[in-house]
*Asks:* 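This is the structure I want to talk about, given as structure tokens.
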Amino acid sequence: METTKQHQVHGGTLRYLRHDSTTTGTPMTLSVFVPGGVGPFPVLIWLSGLTCTEDNFTTKAGAYAAAAEHGVIIVAPDTSPRGEGVADDPAYDLGQGAGFYVDATQGPWVPHFRMETYVVEELIALIDGEFPTTKARSISGHSMGGHGALTLALRHPHLFRSVSAFAPIASPTRCPWGEKAFTAYLGPDRTAWDAHDAARLIESGVGAGCYDDMLIDQGDADPFLTEQLKPELLVAAGTAAGQKITLRMQPGYDHSYFFMASFIADHVAFHAKRLKA
């Protein structure tokens with residue numbers, strides 16, 4: 001991986017990196033914060049939401065003070081493949097910047113949009129190979145990235161110690177964002193969609209018993225709450241399946257990074273406790 005820029009922050013080192021991905025067939029970018037000290041350190045993978053890059057969380061969430069305090073590496077990849085020759089859509093909620101953390105099965109997306117495999121195979125291997133990790137890791141994210149964190153944790157529980165999310169798309173098979181993206185990436189057969197829907201996965205028992213808790217923060221002033229996010233479906237699925245889900249409805253908070261900055265330290269501490277258990 002090539003380091004494109006580097007900064008010191010909270011006694012640690014933040015690097016912006018670029019590499020040629022064998023999974024997506026494109027250059028991919030990411031940011032990695034490593035705390036001060038010799039390590040090794042556990043890893044928290046952060047997945048961002050629609051329109052975001054590796055930079056949004058890095059510059060806006062204020063996570064690195066907590067990561068330095070708890071001795072946790074934070075990895076923030078881009079949200080999709082990008083570049084000339086990569087399929088795209090004029091809308092913000094499909095195509096570049098909107099990979100939904102699935103492996104596309106439909107054209108024109110299938111050659112490059114393989115974000116599930118990129119995260120759980122290539123990215124994890126790169127980080128463990130290049131940085132002083134304990135090989136213990138957790139995953140979190142926001143909105144589309146919250147959907148990604150939950151579904152990847154449920155589908156690959158052997159890879160992650162814990163999972164949390166801010167304002168996740170709880171059931172993409174039952175909201176406009178998810179229906180649009182899944183139709184494009186996965187095709188019209190809705191039965192194939194359920195394997196990438198956190199609420200449906202929990203309902204079916206996938207990942208059951210692998211996580212002692214799932215921490216979800218949701219602002220009650222979020223403009224996408226009712227139509228797109230639907231956290232009540234996630235809670236209902238957890239209740240039915242016996243999976244503990246801690247949903248914290250935060251009064252007055254919206255969908256922005258101001259919301260995340262207010263509670264990110266809680267999430268880092270939540271993961272650090274489980275990463276070091």
*Asks:* With the side chain counted from C-beta on, respond yes when Leu152 and Val120 share a heavy-atom pair under 4.5 Å apart, and no when they do not.
*Replies:*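 Yes - at least one pair of side-chain heavy atoms lies under 4.5 Å apart.
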
*Asks:* May I ask you to check whether Ser48 and Trp46 show a side-chain donor-acceptor distance below 3.5 Å?
*Replies:*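 There is such a pair between these side chains.
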
*Asks:* Just wondering, do Thr13 and Gln6 contact through their side chains at under 4.5 Å, heavy atoms?
*Replies:*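 Counting from C-beta outward, Gln6 and Thr13 do come under 4.5 Å.
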
*Asks:* Nearest heavy-atom pair of Pro172 and His196: which atoms, and what distance?
*Replies:*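 Where Pro172 meets His196 most closely, the heavy atoms are CG-O, 3.6 Å.
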
*Asks:* His267 and Asp217: which non-hydrogen atoms are nearest, and at how many Å?
*Replies:*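 Scanning both residues completely, I find the closest heavy atoms to be NE2-OD2, 2.7 Å.
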
*Asks:* Could you tell me whether a side-chain N or O of Glu179 sits under 3.5 Å from a main-chain N or O of Thr183, the two making a donor and an acceptor?
*Replies:*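 It does not hold such a pair.
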
*Asks:* How about Met1 and Arg15: do any of their side-chain heavy atoms sit closer than 4.5 Å?
*Replies:*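 No, too far: nothing below the 4.5 Å cut-off.
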
*Asks:* Please find the pair of heavy atoms, one from Leu275 and one from Arg161, that lie closest to each other, and give the distance.
*Replies:*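 Between these two residues, the closest heavy atoms are O-NH1, 3.1 Å.
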
*Asks:* We want to know whether Thr58 and Ser31 form a side-chain donor-acceptor pair, criterion being a heavy-atom distance below 3.5 angstrom.
*Replies:*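 Yes, Ser31 and Thr58 have a side-chain donor paired with an acceptor closer than 3.5 Å.
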
*Asks:* Give a yes-or-no answer on whether the side chains of His156 and Glu116 include a donor-acceptor pair shorter than 3.5 Å.
*Replies:*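 Yes - a donor-acceptor pair under 3.5 Å links their side chains.
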
*Asks:* For residues 112-146, which residue pairs pass the ring pair (Phe, Tyr, Trp, His ring centres under 6.0 Å) check, not counting sequence neighbours?
*Replies:*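 Listed by first then second residue: His19-Tyr118, Trp109-Phe113, Phe113-Tyr185, His142-His255, His142-Tyr257.
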
*Asks:* Hey, would you say the Phe100 and His147 ring centroids sit under 6.0 Å apart?
*Replies:*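 Yes, ring centres under 6.0 Å apart.
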
*Asks:* If only atom types and distance count, is the side chain of Thr79 paired as donor or acceptor with the main-chain N or O of Cys52 below 3.5 Å?
*Replies:*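 Yes: the side chain of Thr79 pairs with the backbone of Cys52.
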
*Asks:* Is a donor on one side and an acceptor on the other found under 3.5 Å between the side chain of Asn56 and the backbone of Thr53?
*Replies:*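 Indeed, once roles are kept as given, a pair shorter than 3.5 Å links the two residues.
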
*Asks:* Under 6.0 Å from the ring centre and within 45 degrees of the ring axis: does the NZ or CZ of Arg274 meet both conditions for the six-membered ring of Phe270?
*Replies:*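 Yes, a cation-pi geometry holds between Arg274 and Phe270.
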
*Asks:* Over all heavy atoms of both residues, which pair between Leu150 and Pro168 is shortest? Give the atoms and the distance, please.
*Replies:*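 Smallest interatomic distance, heavy atoms only, reads CD1-CB, 3.8 Å.
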
*Asks:* Around atom CZ of Phe258, are there more than 12 heavy atoms of other residues, nucleotides or ligands at under 6.0 Å?
*Replies:*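 Result for CZ/Phe258: open.
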
*Asks:* Side chains of Glu54 and Thr29: do they bring a donor and an acceptor to under 3.5 Å?
*Replies:*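 Checked: Glu54/Thr29 side chains pair up, N/O donor to acceptor below 3.5 Å.
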
*Asks:* Would you say Val235 ends up clustered with Tyr253 if hydrophobic residues are merged whenever their side chains have heavy atoms under 4.5 Å apart, either directly or through other cluster members?
*Replies:*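 Different clusters.
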
*Asks:* Rounded to the nearest 0.5 Å, what separates atom CG in Leu126 from atom CG in Leu17?
*Replies:*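 If I round to the nearest 0.5 Å, the distance is 9.5 Å.
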
